[in-house]
Structure formats: C-alpha cells, structure tokens
Number of protein chains: 2
Amino acid sequence: MLDMVRSGSVDEYLEVLRNSISKRELIIIIGECTVDYSGRSESKLTSGERIVVIKQDGALLIHRPFGYSPVNWQPSTVVIEVRKIDDDRIVVTAIRSKPREILNINFSRIDLIIHGKLVDHGEFIMYMDELDMRDILFEHPEMIEKGLKIVEKEKPVNGGYIDLFGYDVNGKPVIIELKRVTAGRDAVLQLYSYVKKYEEKLGVKPRGILVAPAISSSAIEALNKLRLEWREIDLKKLWSFKKQKEVHHESLLKYLGKRGER
Amino acid sequence: MLDMVRSGSVDEYLEVLRNSISKRELIIIIGECTVDYSGRSESKLTSGERIVVIKQDGALLIHRPFGYSPVNWQPSTVVIEVRKIDDDRIVVTAIRSKPREILNINFSRIDLIIHGKLVDHGEFIMYMDELDMRDILFEHPEMIEKGLKIVEKEKPVNGGYIDLFGYDVNGKPVIIELKRVTAGRDAVLQLYSYVKKYEEKLGVKPRGILVAPAISSSAIEALNKLRLEWREIDLKKLWSFKKQKEVHHESLLKYLGKRGER
DNA sequence: CTCTGGATGTCGCTA
DNA sequence: TAGCGACGTCCAGAG
C-alpha cells in the first residue's frame, strides 16, 4: 500500500524517510536538491528539482526531469542514512563499501514523498538476444555457410569464449563470433584474438567468421588485413524462423523451461 | 507545480495522462501493469507493480521495485500515446522510429499519477573521467615514464584514436592507451591495433604502453605475447594533483570554462 | 548520418 | 571474488 506526505515539516519528512528506509519500502522523493558523488569518480550537481527513487533493495536513483540516465545513482549494495542539517535541510547519504563510494543528496525543499511496498513477481523474458541467435545458428549452421558443421557453442579459450566452433565443408576449423548489432572494429579484434589463441594452441590456422546483421567500414578493412571473413545475417529471418517453430510446438512456459536448461 | 491524482476513474486517469503528455509534463505512474517491447529485440514482462516515469523530453522508464536498471524503457526520441481498452485498462504506447521500436504498457490498475513541470537548470560536473586523466598525463608525462615527451592527444589513426602519443627518451615513438578502471584483454587488443596501424603506416614499430590503475592477469599475458608494456597509475595521486592546482588558481567556473575549451 | 570509444557503466555467468 | 563479454546498452564527439 502506498502512502504520501506533502507539505510536511522537515521533522515529519525526516521521520517518514527513516521509517520507510528501515522498513525497506520503496521511496520516491520529489524536491529541490544538490548532489555530490565521490568514489570511482567524483561529481557535483548544483541545485535543481529532481526525482529521487530509493528502491526496496536499496538501489538509489536521482533523475533529472529529462533524459534516460539517472544523473547520479547508487546500486543496491548500499547503506542509506537520512539526517537533518542547518535545522531545515534534509540530507540523504548512500554509502557503498566496495568500491568505496559516497553519494550525498542535500534537499533545500521537499515537495512530496511517496513510500510503500510494491509487489512485483512478474517474469521478464527477453527474446532474440545473442544467446537466442547462437542457439538458432547452432541448430542451423547452413544459415551461415553451406556444409558448415558446428560442434560446439560457448567454447572456452583461455579466458574468453568462442560463440560457435565447427568445421567447414573441407574440414577446416572455423571460429565464429556473433554480433546482434552492427559489428565494429572491436568485434573484429575479438574474433582475431580467438583465432590467434587457437592457432597458438593447436598449431592450425582456423578460419574466423564474424556473423552480424551489419558491419562498419573500418571493421571490413580490419577483417581484410587480418584475413578474416564475415557473413551478413538477417535477424528478422532468424527470428521468424524461431517463432515458426514455437507457434506449433512450444508454449511460453516450455520456452522458459528450455531457456533454463541451456 | 506538482499535481496528483489518486483513486480516480479510468477516464479521469486517461484525461490526466493525455493532458500531461501534451503539455510535456513530468509524469509518474504507479500501478500494476504488463509490458511488451518490440524492436531491436523483443521482451515480455508479466504482471506486477511498477513505477513508470515519463520525463519532460519524452524519455520513458519502467522501474521494478528493485535494481538499478529500468526493466523496460524508451529514450527521448519517442511519440507517446495513451488509450483505453476493454473499458477498464489504460495502455501507454511509446514508439520510436529509428530504430523502429514499440513499447506497450498495459495497466490493470493505477494507484496514483503525479504530474507537473520540474525546473532543473543545475550544472553537472564530473571529475576524473578518462579525459581528465588524459589531460593531466599530457601535462605531466613523467608520471608515466621519465624522459617521455607527449606531443599529441586524441591522435586519429585510421578510424580510432590514440589517447596519447609521444616519444621516449631514446626518440622512439610511444603509443599510450589509458584506462581509468582495471584493464582487461580488450584494452590490450585496442592498444595492439593502434600499434599495428601505426607500424603499417609509418614503417616504424612504436612502443605501446597501457596505463591503468590495475590490469587483469590474462591481459598481462596478452601484453607479453604482443610485446606491449603497461604502467600502473594511481588515480588518487593524479586526482589530488589536479585538485592541488585548482585550489590555488581556479574556481569552479574557470574549471568549467577550461572544460569547454578542450 | 555513421562510427568510435567511454561509462561511477550494470548485469549475469563462470572459473 | 575476479574476469570476461553482452547490453534493446546510452551517450557525446568527430567526420
């Protein structure tokens, strides 16, 4: 159940905040504040009206009235304290110990506080992330190249992982790196490092194929220099392919089950 | 000024939301909903109590009562619509055209809506990001190596950028890659690609130095294999160094000015 | 517009 | 716990 305090005195607000924090309630504060952060970096934010959200697990977000990102924040591993200074200001402090970080929110005015417990046991399911892409291509390597046989996915190589590993029609080893977004130079370098690692270890130079829906021009250049290849893959096609299968054979629950297994 | 609606009818909520959206107000909705996303990926979120924030620039966030990240969202380049379905449900739809993305929030219950304009012209200043680190080391290359002369920062090399470029005490070219956090294999590869690019273009093999506060073990291995070097840098030292200078010679405003210039 | 690399990135997984 | 890589990453800056 949600509660709200508005036009309260500083002491009322203080009381409500302390109470809510100890009960691990969700808290939303709207008011005018300055913010100081110190830790992995340092930042200062001069006065303005903001929304402060303290979540039930202690995560803290400070949002300006615009933009996607919180201007300041603290993840859930924090201790949160509230105190009064100068008789009329409320200061919220969030401290994290590892890494050592301190966030201070200094309110010159609080417009309202909403607090209470929200119940959310909803299931969140994401489709067509890189794992889905990998699983579909594992089952259907012909979408990458005719005659390609995939023998392993998530193959460990000294530190990192090869997305897909197999052999081409001529029996030559193939290392495949997947990207679900436009691939840049970084993706090429990643693939290259796996190819090199493999060559060092096995003494055989494998083919390296970058599979992505698109690729940047400098990435193409890098591929050529490093004698690597790339294949364009249509995500929509992959996707509809997967859906087709599911409509007939799988319910959402089954899909979730399958997901848990891999 | 903030306004609030609570225990309203579906039609009241609908009216308030439409009005607020057209006025580009900040809106906070707390209620029970399901969420569907379709675009770069696809996701489904089953029923639960959440906080929905629509910001004054159209950015939209859906937060569960726990965690730092919004479970679903839409950046500020969206069209937002509200409609009623089944006579008792409110659906908020946020559509982005590039990339094509649709977000649907289907409310089975709304607990409260807060709306209004927030005024926030506060100045946000971040210290000790990689740019600060780069600028300080540009002025004081001796913190990396004795006799090192830096001649260029943000040097463009075919696509990417070299953080710092200079010559060592023997006149040998040095490429420096900076990381303000623990450096991993990716940082080594990035440095390596710049070194290679430089060598290909100039025909001279430069030294490559990774400067970071710490480095992972496999990154060290990679450095050795690729004949690259690394220097540990104490961020706190760099930082206090900068602060020392500012205390005596610069106000916050001047710092901001300088920041704008670079 | 695309491309590139940073971020207090966060998050999840694995050794 | 550290390391590694994905992310609907977002975002700013440059060409």
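A, B, ... follow the sequence lines: proteins, then strands. Residue 1 opens every chain. Note that the structure is a prediction, hence the values are computed from the model and not measured.
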Can you tell me if the side-chain N/O atoms of [X] get under 4.0 Å from OP1 or OP2 in [N]?
X: Tyr161(B); N: dA12(D); value: no
X: Arg40(B); N: dA6(D); value: no
X: Arg185(A); N: dG5(C); value: yes
X: Trp73(B); N: dC10(D); value: yes
X: Thr182(B); N: dA2(D); value: no
X: Ser216(A); N: dT2(C); value: no
X: Arg134(A); N: dG5(D); value: no

[options]: which one has an atom nearest the side-chain heavy atoms of [X]?
X: Arg180(A); options: dT9(D), dT2(C), dC11(D); answer: dT9(D)
X: Lys98(A); options: dA2(D), dG9(C), dC10(D); answer: dA2(D)
X: Leu103(B); options: dA6(D), dG9(C), dG8(D); answer: dG8(D)
X: Phe124(B); options: dA6(D), dT8(C), dG5(C); answer: dT8(C)
X: Met126(B); options: dT8(C), dC3(C), dC10(D); answer: dT8(C)
X: Tyr68(A); options: dC10(D), dC3(C), dG5(C); answer: dC10(D)

Which part of the nucleic acid, if any, lies within contact of [X], taking any heavy atom under 4.0 Å across all strands shown: a base, the sugar-phosphate backbone alone, or nothing?
X: Glu177(B); value: sugar-phosphate
X: Gly39(B); value: nothing
X: Tyr194(B); value: sugar-phosphate
X: Gln74(B); value: base
X: Pro99(A); value: nothing
X: Ser38(B); value: nothing
X: Asn72(B); value: base
X: Tyr37(B); value: base

Interatomic distance, [X] [atom1] vs [N] [atom2] [rounded to whole Å]:
X: Leu189(B); N: dG3(D); atom1: CG; atom2: P; result: 16 Å
X: His63(B); N: dT10(C); atom1: NE2; atom2: C1'; result: 12 Å
X: Leu131(A); N: dT14(C); atom1: CG; atom2: P; result: 10 Å
X: Leu61(B); N: dT10(C); atom1: CG; atom2: P; result: 16 Å
X: Lys55(B); N: dC10(D); atom1: NZ; atom2: C1'; result: 12 Å
X: Glu130(B); N: dG6(C); atom1: CD; atom2: C1'; result: 6 Å
X: Lys153(A); N: dT14(C); atom1: NZ; atom2: P; result: 13 Å
X: Asp132(B); N: dA12(D); atom1: CG; atom2: C1'; result: 15 Å

> What is the minimum heavy-atom distance between Lys179(B) and Pro213(B), and which atoms define it?
Replying inline: O-CD, 3.1 Å

> Looking just at side-chain N and O atoms, do Asn72(A) and Ser43(A) make a donor-acceptor pair shorter than 3.5 Å?
Replying inline: yes

> So which one's nearest nucleotide on DNA chain D is more toward 5', Pro156(B) or Ser41(B)?
Replying inline: Ser41(B)

> Which residue lies toward the 5' end of DNA chain C, Asp186(A) or Gly67(B), if each is placed at its nearest nucleotide?
Replying inline: Asp186(A)

>> For Glu101(A) and Ile215(A), find the nucleotide of DNA chain C closest to each by heavy atoms; which residue's nucleotide sits nearer the 5' end?
In response: Ile215(A)

>> I'd like to know if the side chain of Ser76(A) reaches the main chain of Gly58(A), judged simply by a donor and an acceptor atom lying under 3.5 Å from each other, with no hydrogens or angles considered.
In response: no

> Got Val92(B) and Asn104(B) here, is their nearest side-chain heavy-atom distance under 4.5 Å?
Replying inline: no

> Any side-chain heavy atom of Leu137(B) sitting closer than 4.5 Å to one from Met133(B)?
Replying inline: yes

> Do the ring centers of Tyr198(A) and Phe165(A) come within less than 6.0 Å of each other?
Replying inline: yes

>> Between Lys225(B) and Glu200(A) (salt bridge meaning N to carboxylate O under 4.0 Å), is one present in this structure?
In response: yes

